[in-house]
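One structure is given below, encoded as structure tokens.
Per chain, numbering begins at 1; letters A, B, ... match sequence-line order. Since this is a predicted model, take the numbers as computed values, not measurements.
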Amino acid sequence: MDVPADDLLRSAPLRRKLARSILTWFDGAARDLPWRRTRDLYCIWVSEIMLQQTQVATVVGYYERFLAAFPDVRTLAAADEARVLRLWEGLGYYRRARQLHAAAKQVVAEHGGEFPRSYEAVRALPGIGRYTAGAILSIGLDQRLPILEANTIRVLSRLIALRDDPRSTQSQLTLWSVAEAILPAERCGAFNQALMELGSEICTPREPQCATCPVAVCCAARAQGLTKEIPLAAKKTEYTDLTETAVVVRRGNKFLVRQCQPGERWAGLWDFPRFASAAVADESWLTSAREHLASWLGVQIEPIAHLTTTRHGVTRYRITLQVLDARYVSGKVADDLAPPSLRWVTLAELAEVPLCVTGRKITGLLAEKKTKQKSPVQKKPARTKVKRAQPTR
DNA sequence: AACTCGGGGCA
DNA sequence: TGCCCAGAGTT
């Protein structure tokens with residue numbers, strides 16, 4: 001290990017100076033984020049789960065809507081999973097929402113509805129690893145627990161001029177020990193947040209603002225002119241291209257939707273029937289779509305038109321989605337929740353169904369189309385209830 | 001120690 | 001299109 005790292009780990013005065021500098025800076029620079037206005041463990045927990053692999057700006061709106069709907073653990077534990085997922089829709093990594101929901105039930109069952117205060121008990125909840133447990137308990141209760149995540153990996157790597165891949169097991173061990181070593185005895189929660197804030201606002205991936213960094217003087221990467229090289233870049237992901245087809249099956253004013261099963265992507269969410277297909281939307285595409293729906297779901301359809309083509313990414317996949325508009329002809333569809341969980345729903349009902357993002361996008365197209373088609377003469381009796389869809393970005 | 005989980009935003 | 005993001009859980 002480099003000398004500066006040893007200094008940080010060994011010299012208590014140096015560590016105290018570092019902590020003081022960072023905390024003082026944070027006191028004047030901390031952003032006003034919604035989850036910083038509370039010390040309620042449940043609220044902090046929700047924020048930390050949402051923030052996993054997700055940027056702050058994206059989370060803010062979701063956090064506020066989620067807590068408005070589920071203000072405490074018991075409310076969340078008692079909620080329908082569909083409502084939980086509906087509020088998570090668009091945030092991605094939906095397993096987080098299902099695990100949060102399951103953990104809420106566990107908190108009610110095992111801890112009387114009180115969020116646990118011991119590291120081991122928190123760590124035992126689904127979806128909570130070392131980072132999240134340390135974050136919740138340090139921020140909420142000032143327990144002296146270190147954290148290590150995207151921002152602080154970068155900050156600490158630069159601070160000690162870590163030459164190795166910070167993702168390696170060896171480096172992680174080093175970084176966790178540094179995170180623990182520099183953690184002051186008091187204001188641990190503020191300090192942990194300050195470190196993340198520093199990584200997010202000053203010690204950025206590209207062109208870090210060293211001129212305004214409160215700890216530039218003890219930064220080894222800075223001293224060695226290596227801020228551009230540290231942390232070592234991750235090897236770029238290799239994408240796999242996929243082409244899939246989604247079919248909008250119309251029957252009167254209803255549409256056929258299917259719940260994604262465990263083991264599939266978007267498990268628990270709903271989508272228009274979707275399957276892997278050829279790359280082009282030609283004659284054979286129509287035929288194979290018809291055959292696929294018949295053999296897969298037992299539904300006979302008559303293709304109407306190619307509705308749209310959309311591209312989206314899912315982890316390491318790049319998906320081109322061909323969307324086919326079709327009419328239901330025949331075939332029995334069990335309208336229940338048993339797998340494969342098919343349902344006929346109206347456009348209005350879709351507002352409450354948790355859909356994957358592409359499903360929501362298609363729904364938007366259908367609503368648009370319906371509005372355009374509607375002639376002034378065919379006026380239906382006004383609906384008394386208008387359901388408001390959550391805004392999609 | 002890798003790999004996967006199957007996401008989404010933004011320049 | 002490439003890079004990044006307040007990681008967790010498995011193999």
What integer distance in Å separates [X]:[atom1] from [N]:[atom2]?
| X | N | atom1 | atom2 | answer |
| --- | --- | --- | --- | --- |
| A/Leu51 | C/dC5 | CG | C1' | 10 Å |
| A/Arg360 | B/dG8 | CZ | P | 13 Å |
| A/Leu85 | B/dG7 | CG | C1' | 14 Å |
| A/Leu175 | C/dG7 | CG | P | 14 Å |
| A/His312 | B/dC10 | NE2 | P | 18 Å |
| A/Gln261 | B/dG6 | CD | P | 14 Å |
| A/Glu264 | B/dG6 | CD | P | 11 Å |
| A/Gln170 | B/dA1 | CD | P | 8 Å |

Which part of the nucleic acid, if any, lies within contact of [X], taking any heavy atom under 4.0 Å across all strands shown: a base, the sugar-phosphate backbone alone, or nothing?
| X | value |
| --- | --- |
| A/Ala135 | nothing |
| A/Tyr317 | base |
| A/Arg167 | nothing |
| A/Val357 | sugar-phosphate |

Open item on the list: Can you list everything that forms a ring pair (Phe, Tyr, Trp, His ring centres under 6.0 Å) with A/Tyr239? Sequence neighbours excluded, please.
Closed with: none

Minimum-distance nucleotide (side-chain atoms of [X] versus [options]):
| X | options | answer |
| --- | --- | --- |
| A/Arg206 | C/dA6, B/dG6, C/dC4 | C/dC4 |
| A/Ala150 | C/dG7, B/dG9, B/dG7 | C/dG7 |
| A/Thr169 | B/dA1, C/dA6, C/dT1 | B/dA1 |
| A/Arg318 | C/dG7, C/dT1, C/dC5 | C/dT1 |
| A/Val56 | B/dA1, C/dA6, C/dC5 | C/dA6 |

- [ ] Only counting residues at least two apart or in another chain, list the ones meeting side-chain contact (heavy atoms from CB on, under 4.5 Å) with A/Thr315.
- [x] A/Tyr93, A/Tyr317

TODO: With sequence neighbours excluded, tell me which residues meet side-chain contact (heavy atoms from CB on, under 4.5 Å) with A/Glu186.
DONE: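 In terms of side-chain contact (heavy atoms from CB on, under 4.5 Å), with neighbours along the sequence ignored, A/Glu186 is linked to no residue.
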
Task: First encountered from the 5' end of DNA chain C, between A/Pro205 and A/Arg311 - done: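 The residue mapped nearer the 5' terminus is A/Arg311.
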
Task: Side-chain donor or acceptor of A/Arg65 paired with backbone N/O of A/Val60 under 3.5 Å - done: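 Not a single qualifying donor-acceptor pair exists.
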
TODO: Could you tell me whether the side chain of A/Arg154 and the main chain of A/Cys203 form a donor-acceptor pair under 3.5 Å?
DONE: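 Yes: the side chain of A/Arg154 pairs with the backbone of A/Cys203.
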
Output a table of donor-acceptor pairs, distance under 3.5 Å, between side-chain atoms of residues 113-131 of chain A and any protein atom two or more places apart or on a different chain; print 'none' if there are none.
unit_1: A/Ser118; atom_1: OG; unit_2: A/Ala121; atom_2: N; d: 3.1
unit_1: A/Arg123; atom_1: NH1; unit_2: A/Ile128; atom_2: O; d: 3.2
unit_1: A/Tyr131; atom_1: OH; unit_2: A/Glu48; atom_2: OE1; d: 2.7

Task: Phosphate-side-chain proximity, A/Trp35 and C/dA6, N/O vs OP1/OP2 below 4.0 Å - done: no

Task: Residue-phosphate contact under 4.0 Å: A/Gln55 side-chain N/O, B/dG9 OP1/OP2 - done: no

Open item on the list: Please give the distance between the P atoms of C/dC5 and B/dC5 as a whole number of Å.
Closed with: 23 Å

Task: Of all pairs that satisfy side chain to side chain donor-acceptor pair (under 3.5 Å), the ones with a partner from residues 26-39 of chain A, not counting sequence neighbours - done: A/Asp27-A/Arg187, A/Arg31-A/Glu197, A/Arg31-A/Ser200, A/Arg31-A/Glu201, A/Asp32-A/Arg37, A/Arg36-A/Gln193, A/Arg36-A/Glu197

Open item on the list: Does the Lys NZ or Arg CZ of A/Arg343 fall within the cation-pi geometry relative to A/Trp270 - under 6.0 Å from the ring centre and within 45° of the axis?
Closed with: yes

Could you list the protein-to-nucleotides 8-11 of chain C atom pairs, N/O on both sides, closer than 3.5 Å?
unit_1: C/dA8; atom_1: OP1; unit_2: A/Gly129; atom_2: N; d: 2.8
unit_1: C/dA8; atom_1: OP1; unit_2: A/Thr132; atom_2: N; d: 3.0
unit_1: C/dA8; atom_1: OP1; unit_2: A/Thr132; atom_2: OG1; d: 2.6
unit_1: C/dG9; atom_1: OP1; unit_2: A/Gly127; atom_2: N; d: 2.4

Open item on the list: Can you work out whether A/Ala57 or A/Thr315 has the more 5'-proximal nearest nucleotide on DNA chain B?
Closed with: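 Looking at the nearest nucleotide for each, A/Thr315 comes out on the 5' side.
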
Task: A/Leu269 vs A/Ser168, nearer the 5' end of DNA chain B by closest nucleotide - done: A/Ser168

